[in-house]
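The shown structure was predicted, so the numbers you read here are calculated from the model rather than taken from an experiment. Naming: A, B, ... by sequence-line order, numbering from 1 per chain.
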Amino acid sequence: MLKINNLHAAYGGIKALKGVSLEVNEGEVVAVLGSNGAGKSTLLNCISSVVKPTEGSIEFLGNLVPKHDYDVVGTGLVHVPEGRQIFTHLTVRDNLLVGAYLRNDPKGIKEDLDRVHKLFPRLKERENQYGGHLSGGEQQMLAISRGIMARPKLMLLDEPSLGLAPIIVNQIFEIIKEINKAGTAIMIVEQNAFKALSICDRAYILNVGLIEKTGTREEILCDDSLSKAYLGE
Amino acid sequence: MFLQQLVNGISVGGIYALIASGYALIYSLLGFSNWAHGEVAMLGAYVALLFTASLQLPFIAAAIIGIGGAAIISFLNERLAYRRIRENKAPTMFLMIAAMGLSIVFQNGSMLLFGAKFQKFPPIMPVSSISIGSVHVGVLDLLTLAVAAVALIVLEIVITKTKFGLGIRAIASNTATAGLLGINTNKMFALVFAIAGALAGMAGVLLGLKYNVYPTMGNIGLKAFIASVFGGLGSVRGAIVGAIVIGVTEVMVSGYLSSGLRDLITFALLIIILLIKPSGLMGVSVEEKA
């Protein structure tokens, strides 16, 4: 469903992506692994049109992704950004409703609210609190839930484990699996490679702007390019 | 006497609030002080004056045109000046400087176009005051009060209860993420500037009715600025409360002490509030957790 072909991107003069090609198919969980500065976030930012690529193409469901970031979510592709980026001055409920901003089906929105509350009961309890008053883990839950509210076909997750306690990370990855089972394809970008490999079908290893290795979960786990990408040669 | 002053004070506060609320809206979205906002009010007053005094239109029609004109001018400010600066990702300081520039251009432009003299709206009320028992209340004050109250209540409902308002609040909290979730931020900025401009235009017409229309009347924007700092920068509700406190204080000081002390007391009040509560009376201070 997502096809990226020869993608190049740069910040100022620095090239962050130097010809990345990858694919995500319906129903898959695909992980993009790599150390800090490998270009993982830039890749996601290109897909959601926050960063304009200098070369290459990104197709989603057969069409090029729209030019403006605000048109992307309407195509069925939602980006849950790094660092959670929740609306700290909005209540938890309003945060979720912003996730459904472009939708005009009150019944469906209500259903998805219930679904999110079932996945994360904490969010129901804290419905009327400000987003900024949640703990880090709750904020990550909120960010993912806000993404669910857009009813996406593909969800891009940027470092969902960042700065969270291991027990919370486990919980969040369980939920990611559940979201996938319910029919949403997932593309997850992670520094926490083993955690990501525990839930993905396939993985790509990104190293300074280039795909170094790709394969199924088992192939990547058995290959030494993963440790190389993180630890150097 | 006191009641009369109070009504007068609240109506002055209402005018400040109309400007301050738009001012706070813009600040909450873009994080800069729109110094040209008072001039938008002034231009709205001139447009209305032009249509009623020179073109002989009925006052209500002229006032609506003036309000619409102010909305368009405010929209154009954002479209032609501020948007370019935003898209170049320049520091917000640049926006503020551009706003100061616009303010000077508007003041001097209207000085050239309309002259520096004070102008008056033709009288619109058959009587200037009504008496309830021994209390005389200005009809214009009551009108101002009613118009400001209705406009601000509608604004409050739009911001807190509608989807459009949710979008505004989301952008104010995190612009980039609002865009990721499908909110067209440029369109929202344009609309907010138009709404803020319409409110300022309303204030300009009411102010012109109460006093006079002249090129530097937009300096009232400074009072609205103080009101919104007083209430908590970026908080629309705070700006309204701040504006009414300042309006009443000013009228009371002028009435009972001396009009020379008016601004002194206003600024002293501001300093005291900032010393006690630096985020302003109703400033939003949701600290972010890690």
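- Heavy atoms of A:Asp71 lying under 4.5 Å from chain B are absent altogether.
- No donor-acceptor pair closer than 3.5 Å links the side chain of B:Ser173 to the backbone N or O of A:Leu90.
- When the shell of 6.0 Å around CZ of A:Phe194 is examined, it contains 12 or fewer heavy atoms from other residues, nucleotides or ligands.
- Summarising the local packing, CG of B:Asn88 is surrounded by more than 12 heavy atoms from other residues, nucleotides or ligands at distances under 6.0 Å.
- Expressed to the nearest 0.5 Å, how far CG of A:Asp69 lies from OG1 of B:Thr185 amounts to 6.5 Å.
- Both the backbone and the side chain of B:Ala178 come within contact range of chain A, judged by heavy atoms closer than 4.5 Å.
- In this structure, CG in B:Leu181 is found 11.0 Å from CD in A:Gln85, a value given to the nearest 0.5 Å.
- Around CG of A:Leu64, the count of heavy atoms belonging to other residues, nucleotides or ligands within 6.0 Å exceeds 12.
- Among all heavy-atom pairs drawn from B:Ala170 and A:Val98, the shortest one is CB-CG2, 3.8 Å.
- When all heavy atoms are compared, the tightest approach of B:Phe164 to A:Tyr101 is CA-OH, 3.9 Å.
- For the atom pair CG of A:Leu102 and NZ of B:Lys163, the computed distance is 7.0 Å after rounding to the nearest 0.5 Å.
- Applying the 6.0 Å contact sphere to CZ of B:Arg79 captures no more than 12 heavy atoms from other residues, nucleotides or ligands.
- Residue pairs meeting the ring pair (Phe, Tyr, Trp, His ring centres under 6.0 Å) criterion with at least one partner in residues 46-85 of chain A, sequence neighbours excluded, are A:His68-A:Tyr70.
- No more than 12 heavy atoms of other residues, nucleotides or ligands shown are found within 6.0 angstrom of CD1 on A:Ile167.
- Shown here is A:Lys67, whose NZ atom has no more than 12 heavy atoms of other residues, nucleotides or ligands within 6.0 Å.
- Annotation for A:Arg151: atom CZ counts as buried by contact number, over 12 foreign heavy atoms lying within 6.0 Å.
- For A:Ala143, no part sits under 4.5 Å from any heavy atom of chain B, backbone or side chain.
- For A:Ile86 against B:Asn174, the heavy-atom pair with the smallest separation is O-ND2, 4.0 Å.
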Between B:Leu180 and A:Val73, does a side-chain contact (heavy atoms from CB on, under 4.5 Å) hold up when you go through it step by step?
CA-CA 7 Å; B:Leu180 273 186; A:Val73 67; over 6 Å; no

